Each structure stands twice: as C-alpha cells, then as structure tokens.
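Taking it in order: structure first as structure tokens, then the write-up.
Quick caveat, the model's predicted, so the values are computed rather than measured. Chain naming here is simple, since letters A, B, ... match the order of the sequence lines and numbering starts at 1 in each.
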Number of protein chains: 2
Amino acid sequence: MNSQAIEDYLKAIYKLQVRDSTVLTSVLASYLQVSPSAATGMIKKMAASNLVRHRPYQGVELTAPGEKIALEVIRHHRLVELYLTEALGVPWDKVHDEAEKWEHVLSEDLEDRIDAFLGYPKSDPHGAPIPDRDGKISDRDVCTLSELSTGDKAVIIEVCDEDAEILRYLGEAHLYPRTEVQVTSVTPFDELMTIRIDLGNYISSELVVGQKITTRILVKLLSLDKSPTA
Amino acid sequence: MNSQAIEDYLKAIYKLQVRDSTVLTSVLASYLQVSPSAATGMIKKMAASNLVRHRPYQGVELTAPGEKIALEVIRHHRLVELYLTEALGVPWDKVHDEAEKWEHVLSEDLEDRIDAFLGYPKSDPHGAPIPDRDGKISDRDVCTLSELSTGDKAVIIEVCDEDAEILRYLGEAHLYPRTEVQVTSVTPFDELMTIRIDLGNYISSELVVGQKITTRILVKLLSLDKSPTA
DNA sequence: TGTAAAGTTTAACCGCAGTTAAATTCCACA
DNA sequence: TGTGGAATTTAACTGCGGTTAAACTTTACA
C-alpha cells in the first residue's frame, strides 16, 4: 500500500500534467506547498517504485501504474465529494477539503457501496468527471469560458473545486454545472467578460467576470455564432 | 491537534481503564500491538501534554483533558459505525475496521450532520453507548452474560465489536442487542452456558457457549429468579 | 531478607516526510 | 562561447512513531 503522501503526489502530478505533459519539480512543490527538495526526494522514491519517470532537471511524468493509482485516488475524491453533497447536504464549497481527507481511507467495499448509492454517477458536484473503476474518464468536448467570444452561448460543464471562496461566489451567481450562459461582451486588455446567466423560469441575470473566474469555468459551446479563439 | 497515534493511545487507555483504573504499560502495548518501549515513549509524550498521568513502573491513567479527547474519538467511532450500517448497509462485522480509519478524519461539521441524520442515536450497532457532544455517557445497569445463573432471563445490551469473527458468529446465532436470552444451564469448571435465544414470532433456539463468548456479551437482567454472582 | 525473574524504562537506531543550506546543472544572453 | 542566475539536486538535519538491546525497578519467593 502506498502512503498518503505518495497518493497526494501522484494526484498532484496527474492534475498538473493536464497543463504540461511533463511536470517541473518546482511546479509540483509549490502546488503541494512543500519545498522543492522535498518534492525531489519523493520523486526519486516514486521513480524507484516505477510510479513516475524522472528526468533529472527536466521534470517528472506518471508511468502507467502511477497514473492508475492517481485515477483511483481521484475517483475516491470525487465520489466522496458527490456523496457528501447528496447524502449529507454538505455545501459544495466545503466538500473538497473533507474529501481530501476521506479519499485516503476509503476501502474498495465502501467505494462500491457509495458508487451504487449514487447510481454510478459520471461527475462530481463541480462537474468534474468521475473515473470508472478501471480509471477511464469519458471524453468531453469542453473549453474554458475565457476562450469564448461575444455572442457565444454555452452550458457550464465544470468549475474548479479547489478554492472555496470562488465556489461560494459562483454559487451565489448561480454558476453551477448545467447552467446556460451567453457572452454579451468582452473588453480588450483585461478581457472582462459580461455574461448573461440563465436562472430558469425565464429569468436571467448579467454579471461581469474577469480571468480569475473565466479560466476556472469549463463550458461546452452551444451556438456557433462565433467559434472559440485558441 | 493531536496525531492519530495519540488519539489511538488515548482511546486504548480509556477502554482498558474500564477493567483496571490504572493501565500497565505492557497491557497498553499489547492491546495496541506495539513494543512496550514504544508505549513508554508515547506515554511520556502524552504526560508532558497533560493528557495522562504516569507513575513510572506503576501504570498510566487519563487526565480529564485526555479522557475528553478519548471520548470524542469514541463518539466519532461509534457514530461512524452506526452510520455505515444504517446509511450504507455495511455488515456489522465490518464496520469496526472501517470506523477505525474514519474516526480520525471526521470534522465537527460532518459529525453533526451524521448525528442529525441518525436522529441523535444513543448506541452503535453493537449496542455500545455513543457519548454525547460533551463526552457524557448515560449510565447503564448491565453485567456480562457470564455472570448470570441458571434460570436468569436477560436482554442483550451490547456485544464486543473488536473481533469480526466473533461478530459473524453472534450474528448467525441472532445474538444482537435487544435479543432476549435465558440461561437454561451452566456446567461446572468450564462454565459452558446453555442459553435459550428468543428469535421472535414465538420461535426460540438453544445454544451452548463458552466464556470466550459469554464474557463478551453485556446483558441487562430481566427476571430475578436468581441474582447474578459477583 | 537477598535475589532472580518479570516488567519497565532508557539508549541507540530505523524509515518517513519534511526542513534549510550548499552544491550542481541548465540555459539564456552578452 | 563563456558565464551568471535560476532551477534542481544533494547533504545534513528535524520530529514522529516505531524497533531491538541494555539497564534499571519492582516484586515475589526461597
């Protein structure tokens, strides 16, 4: 069995690999809030167990076995997040921190029971996909809100779950997964985006959001008035 | 915040104090499956934090702050045990081991939510009392099954939860909390006890049990055909 | 009452995951 | 192309909770 620390490192590398396929020691260290030398030490240990590939001074990558474990931990995390929301009513800005602890103590048996209770869900309360038992994640056709242009209509697929304050703000603005939004304008330079939010019941609201927000929301484009800019 | 190890030590001392008000290092060490010197080390550390009182070579006792923490951990443990049984259908011989891990990661907020979900329960699936938030446990008028005499009728209040095999056996024999039993005979020397078990619907069964079992079942005497022997 | 056995504590050590400080490597730019 | 600065790794150390072996109390009994 791997230690909780190793599980945390593997999960972190997995998440950082989404941006860059090879992860620099310093990036990993600052993500995990440890010193670069601590990260180096753990990287070497994980490399010795064939969980990661390490090219000294160049960065680190998950191996297949490492990725498998990372996906198991992420599956645990997201199942627990959804479970806490659905079964115990924990508000969505709190479930991440709770799940950080629970993900490491979840037995396979309990994982199955929670999965069944939830009806074998495909995504967590923030819209993040839940890997299946084999670690597979279904493909999604998404981009960040910040990539949209004026006139584009989209539905929110996922919001970043790691900042509780942002989540509270998004919740107040009704920016949940499945909410529809339309970009009504984008300012130059700061790229402040005015979006119309569909609140249901033929009600909508308008909101101006900056890149702190727009880069943390994943959407699926609905209308093609304009194509997303790369 | 205390480490998981310290929480485990405090809980262990609490449980062992039920038998003997002062706990010997060797007893504690063997209960926790660590070496006596490891126990000594932790005892000294806990004594320095005023969690226990240590009389060298004589044994260890919880202080008031130590007992408070022990009761909090036990409350977590028993709430989790009941929650796993009620909400997720985990069989009663498995909940103890799961709860051993979960008790250390339960936030106060989640504790309250689980407590409310369960309707502020007073005992766990094995009949063990759940301390309230202040650490108070309601008094109970119980003795062990082994203390009863021929003819005594009693209702099972609690069964020891720490041995999964015994629990499976007890479950098959329908020896749950709230089951009524009557002692029909006791052999000399081995003190093998024949008990009649009320299975409900006017059905009962008979079973011969030894002291491994009878000392692990707490009962409340119903009829007073004979008083319990001290 | 002296002593040996049993129990307890101390001492020296280990692995884990972190730290700071020093050495090393890499890379960009003059 | 040589070199300075930034990033990375190594080295030396820390605290935690465990180990075994040795030293020390306590106690029971001859």
Side-chain angles (χ1 to χ4, degrees), chain A residues 1-17 19-62 66 69-70 73 100-101 103-105, chain B residues 1-17 19-62 66 69-70 73 100-101 103-105:
Chain A
M1 196 45 199
N2 293 294
S3 69
Q4 174 166 338
I6 285 182
E7 290 184 357
D8 285 335
Y9 273 87
L10 292 173
K11 192 175 63 151
I13 295 167
Y14 180 90
K15 293 202 171 181
L16 295 170
Q17 273 194 343
R19 299 271 161 213
D20 259 307
S21 80
T22 175
V23 176
L24 295 174
T25 303
S26 53
V27 173
L28 179 59
S30 92
Y31 181 86
L32 288 172
Q33 313 239 61
V34 297
S35 66
S37 49
T40 300
M42 289 299 279
I43 287 169
K44 293 185 74 173
K45 177 192 291 200
M46 293 187 293
S49 317
N50 193 35
L51 297 172
V52 300
R53 234 165 290 116
H54 184 212
R55 293 179 49 226
Y57 298 97
Q58 307 302 310
V60 69
E61 264 184 336
L62 293 178
I69 293 169
V73 177
E100 282 295 301
K101 302 182 295 185
E103 67 190 13
H104 301 292
V105 300
Chain B
M1 196 46 198
N2 294 294
S3 69
Q4 174 165 341
I6 285 183
E7 290 185 356
D8 285 335
Y9 273 88
L10 293 174
K11 190 174 64 152
I13 295 168
Y14 181 90
K15 293 202 171 183
L16 296 169
Q17 273 194 344
R19 298 270 161 213
D20 259 308
S21 79
T22 172
V23 177
L24 295 173
T25 302
S26 53
V27 173
L28 180 59
S30 93
Y31 182 86
L32 288 172
Q33 313 238 64
V34 297
S35 67
S37 49
T40 300
M42 288 299 279
I43 287 169
K44 292 185 74 173
K45 178 192 291 202
M46 293 187 293
S49 317
N50 193 35
L51 297 172
V52 299
R53 233 166 289 116
H54 184 212
R55 293 179 49 225
Y57 298 98
Q58 306 302 311
V60 69
E61 265 184 334
L62 293 178
I69 293 169
V73 177
E100 281 296 301
K101 301 181 295 184
E103 65 191 13
H104 300 292
V105 299

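- Put simply, NZ on A:K44 is 16 Å from P on C:dA17, counting in whole angstrom units.
- Atom pair A:I43:CD1 and D:dA7:P shows a separation of 15 Å (rounding to whole Å applied).
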Query raised in the report: Could you write nucleotides 14-26 of chain D as a row of B, S and -, 5' to 3', where a protein heavy atom under 4.0 Å of any base atom gives B, of only sugar-phosphate atoms gives S, and otherwise -?
Result: --SSSBB---BSS
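- Not one side-chain nitrogen or oxygen of B:T25 sits closer than 4.0 Å to the OP1 or OP2 atom of C:dG7.
- Shown here are the salt bridge (charged side-chain N to carboxylate O under 4.0 Å, His left out) partners of B:K15, two or more places apart in sequence or in another chain: B:E162.
- With a 4.5 Å cut-off on side-chain heavy atoms, B:E103 and B:K11 count as touching.
- The separation between B:L28 atom CG and C:dG7 atom P is 15 Å, rounded to whole Å.
- Rounded to whole Å, atom C1' of D:dT9 lies 14 Å from atom CG of A:L24.
- Separating the CE atom of A:M46 from the C1' atom of C:dG18 is a distance of 14 Å, rounded to the nearest angstrom.
- Rounded to an integer number of Å, the gap from CG of A:L32 to P of C:dT19 is 11 Å.
- In this structure, B:H54 does not reach the C:dT8 phosphate: none of its side-chain N or O atoms is under 4.0 Å from OP1 or OP2.
- Contact between B:G66 and B:L10 at its shortest, heavy atoms only, is O-CD1, 4.1 Å.
- Here B:T40 lies in heavy-atom contact (under 4.0 Å) with a base.
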